[in-house]
Amino acid sequence: MAKTSALIEPRLPRGFVDSEPADIAAIEQMVAKIRHVYERYGFDPIQTPFFEYTETLGKFLPDTDRPNAGVFSVQDDDEQWMSLRYDLTAPLARYFAQNYQDLPKPFRSYRQGWVFRNEKPGPGRFRQFMQFDADTVGAAGPESDAEICMMMADTMDALGLAGKYVVRVNNRKVLDGVMQAIGVTDEAQKLTVLRAIDKLDKFGPGGVKLLLGEGRKDESGDYTEGAKLDADQSDAIIEMMSAARLDDLVDLEDDAGPDGFLDAEFKTAALSKFRITQSFVEGFVELQAMASLFAAANYGPDRIKIDPSVVRGLEYYTGPVFEIELTFTVQNEKGQDVVFGSVGGGGRYDGLVSRFRNEHTPATGFSIGVSRLASALKLTGNLDAAPVTGPVVVTVMEKDRIADYQKMVADLRAAGIRAELFLGSSKNMGKQMKYADKRNAPAVIIQGSDEREQGVVQIKDLAEGAEAAASITDNAAWKTERPGQYSVPLEEMVEFVKQIPAVAAWMKANPK
RNA sequence: GCCGUCGUAGCUCAGUUGGUUAGAGCGCUAGAUUGUGGAUCUAGAGGUCCCCCGUUCAAUUCGGGGCGACGGUACCA
């Protein structure tokens, strides 16, 4: 026996997972449904490579001390750093800028594929995961943002999740405007305030208030430094983010001009101590425009909801931001309730393309976290991960007649039936049956010397046999009755197999 | 990064108040059944009790330090 210490332990780096046939089939179904919705909305596919130059992906170059902080990076032959992509948006910006001359504007595209992040994995968070994005580049109006939100909702519906999600929509200008109003101008402090607002659904208003003030200690003992706002400031923020409707905060007449907006006042107690700002008004108007588009298209607040606590990424969103939240709780394999986070998000990023081109290029888009969504659905039993139907297995009874058996397999395949010859070394019949069972084979074909002399084959419908077997407890009876087994003339074999329900179902789902 | 819980068979877990042969269920392999998947019964394989150092006559068990898993939190383009 080999020494165990000499063997390599088969294992994966953390945050990476293998996929089995049922998982793969489920993901493929999800992807097909998403693609169908995106194409219906008029988006076309593009593909970009896994690797990009690091400078393409983000504003930072990896310093030689920590080249792999957050991303996976390697140095090319010419010593230029390249990285595995960590999302599908930066590569799109590069693609758009690189092919600017030839692309239709606005440019509407979707992309699906693996992305990589070198960070600590969590529930539903992996170091390699799949995203499915759609973006409109070169359109500035709120109708392109609203369209994206409606497509997010339609996509979730198409995935069979109607009623189990909500698309939450906000506008960064509203947040910026309120911060400006209450006198938060320091960039670092602004980021801290935004992060605090983002935690509303996690910690509630009380927790956010701590984060806006001195700081907060969580149950595990970790302390988070707060934004150091005074009471009036943090009350104003909490009032803003807790508003059920924007109209609760301020009244703006639709036909009033910009000057009229500036004369308006906040209606709520804490906010009314501060003056309203231009940025708030701009964001407010954009959100109102989107809201009326949602209403006109019959997307109610049960599907798309204006929610002033949505923040999203801190770096590049410039206007509307949106995310998909699941409205059910998720438990892991151990039965623990788990913090899952959003399964998709996006927004307007008018600055991203300008890293590559001088002119201003508005863009909006979003991304569905396919892997994270699939993992949530798997944990809650909502993932359609039925076992894959296996092949019809032709057993080997007489070793010198392999050619005859292979001919049967070829005939079945030619008719569009998934079929294979038993290739294992053991010609023991029980082994071959067990193999077929484990493969979830719909049927096996048996021809020994008796059948050969009569010109017939035994066809065993394994599903029917299993069903019949449920009432048989005696092994001898089980063997002699041979439930679900039929003797059929060889020339009728293909037609007979086609009639087996599991085979027919597979053929319908996989036309030749 | 920080905090918490946990590491014993492929999986889920018992157990050893520090003592010589470490167990169960499931799974796996074989047989009962030389041509029939389930069920049943029988037998078998499978373990550096996560690693290293220390305490001890003796450590899987106690102490220290690592590593890993899970969860929370921070960060998240």
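Chain naming here is simple, since letters A, B, ... match the order of the sequence lines and numbering starts at 1 in each.
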Between [M] and [N] - [atom1] atom distance, rounded Å:
| N | M | atom1 | answer |
| --- | --- | --- | --- |
| B/U60 | B/U55 | P | 15 Å |
| B/U12 | B/C28 | C1' | 16 Å |
| B/C67 | B/G23 | P | 34 Å |
| B/U21 | B/G54 | P | 24 Å |
| B/G18 | B/G63 | P | 10 Å |
| B/A69 | B/A39 | P | 35 Å |
| B/U16 | B/G47 | C1' | 15 Å |
| B/U40 | B/U48 | P | 30 Å |

Nucleotide nearest [X] (side chain, heavy atoms from C-beta), chosen from [options]:
| X | options | result |
| --- | --- | --- |
| A/Arg125 | B/A77, B/C75, B/G35 | B/C75 |
| A/Gln336 | B/G71, B/A77, B/G35 | B/G71 |
| A/Lys120 | B/G37, B/U36, B/U73 | B/U73 |
| A/Leu462 | B/G37, B/G72, B/A39 | B/G37 |

May A/Tyr86 be described as stacking on the base of B/A77, applying a 5.5 Å centroid limit and a 30° limit on plane angle?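 Stacked: centres under 5.5 Å apart, planes under 30°.
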
For [X], report the nucleic acid contact type (base, sugar-phosphate, nothing); a contact means any heavy atom under 4.0 Å.
| X | answer |
| --- | --- |
| A/Lys479 | base |
| A/Phe203 | sugar-phosphate |
| A/Val444 | nothing |
| A/Thr395 | nothing |
| A/Arg14 | sugar-phosphate |
| A/Gln331 | nothing |
| A/Gln485 | base |
| A/Ala466 | base |

In whole angstrom, what separates [X]'s [atom1] from [N]'s [atom2]?
| X | N | atom1 | atom2 | value |
| --- | --- | --- | --- | --- |
| A/Leu191 | B/A77 | CG | P | 11 Å |
| A/Trp81 | B/A77 | CH2 | P | 22 Å |
| A/Lys217 | B/G72 | NZ | C1' | 15 Å |
| A/Asp337 | B/G72 | CG | P | 10 Å |
| A/Leu194 | B/C75 | CG | C1' | 15 Å |
| A/Glu467 | B/A39 | CD | C1' | 17 Å |
| A/Arg482 | B/G38 | CZ | P | 15 Å |

Starting from the C-alpha separation in whole Å, work towards a yes-or-no answer on side chain to side chain contact (heavy atoms under 4.5 Å, CB included) for A/Leu212 and A/Val193. CA-CA 6 Å; A/Leu212 289 170; A/Val193 170; 3.9 Å; yes

Distance only, no hydrogens: is a donor on one side chain within 3.5 Å (strictly under) of an acceptor on the other, for A/Arg401 and A/Gln447?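 A donor-acceptor contact under 3.5 Å links the two side chains.
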
Could you verify whether a donor N or O on one side chain and an acceptor N or O on the other, from A/Gln80 and A/Asp76, lie under 3.5 Å apart? no

Which of these, A/Thr136, A/Asn171, A/Thr364, A/Asp145, sits in a side-chain hydrogen bond (donor to acceptor under 3.5 Å, both in side chains) with A/Arg348?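 It is A/Asp145, the one option of A/Thr136, A/Asn171, A/Thr364, A/Asp145 that forms the side-chain hydrogen bond (donor to acceptor under 3.5 Å, both in side chains) with A/Arg348.
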
Between [N] and [X], is there an OP1 or OP2 to side-chain N/O distance shorter than 4.0 Å?
| X | N | result |
| --- | --- | --- |
| A/Asn332 | B/C70 | no |
| A/Trp478 | B/U36 | no |
| A/Arg195 | B/C75 | yes |
| A/Lys431 | B/U29 | no |

Relative to each other, are the rings of A/Tyr349 and A/Tyr317 parallel, tilted or perpendicular (30° and 60° limits)?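 It falls in the perpendicular class, over 60°.
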
Where does the angle between the aromatic ring planes of A/Tyr38 and A/Phe132 fall among parallel (under 30°), tilted (30 to 60°) and perpendicular (over 60°)?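 Ring orientation of A/Tyr38 relative to A/Phe132: perpendicular.
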
Could you write out RNA chain B as a dot-bracket string, with dots for unpaired bases, | for bases paired across to another strand, and Watson-Crick or G-U pairs counted at under 3.5 Å? (((((((..((((.....[...)))).(((((.......))))).....(((((..]....))))))))))))....

Do A/Glu214 and A/Lys228 sit within salt-bridge range, that is, some charged N less than 4.0 Å from a carboxylate O?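 So A/Glu214 pairs with A/Lys228 through a salt bridge.
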
Indicate the atoms forming the closest heavy-atom contact of A/Asp135 with A/Phe43, along with that distance. O-CE2, 3.4 Å

Starting from the C-alpha separation in whole Å, work towards a yes-or-no answer on side chain to side chain contact (heavy atoms under 4.5 Å, CB included) for A/Leu57 and A/Val71. CA-CA 10 Å; A/Leu57 294 179; A/Val71 298; 5.7 Å; no

Which sits closer to the 5' end of RNA chain B, A/Glu119 or A/Asp461, going by the nucleotide each is nearest to? A/Asp461

First encountered from the 5' end of RNA chain B, between A/Asp87 and A/Leu12: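 Nearest-nucleotide comparison on RNA chain B picks A/Leu12.
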
Measure distances between side-chain N and O atoms of A/Glu451 and base N and O atoms of B/G35, and say whether any donor-acceptor pair falls under 3.5 Å.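 Indeed, a donor on one side and an acceptor on the other fall under 3.5 Å apart.
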
Any heavy-atom pair between the side chains of A/Lys378 and A/Asp23 that's under 4.5 Å?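 A side-chain contact exists here, since the closest heavy-atom pair is under 4.5 Å.
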
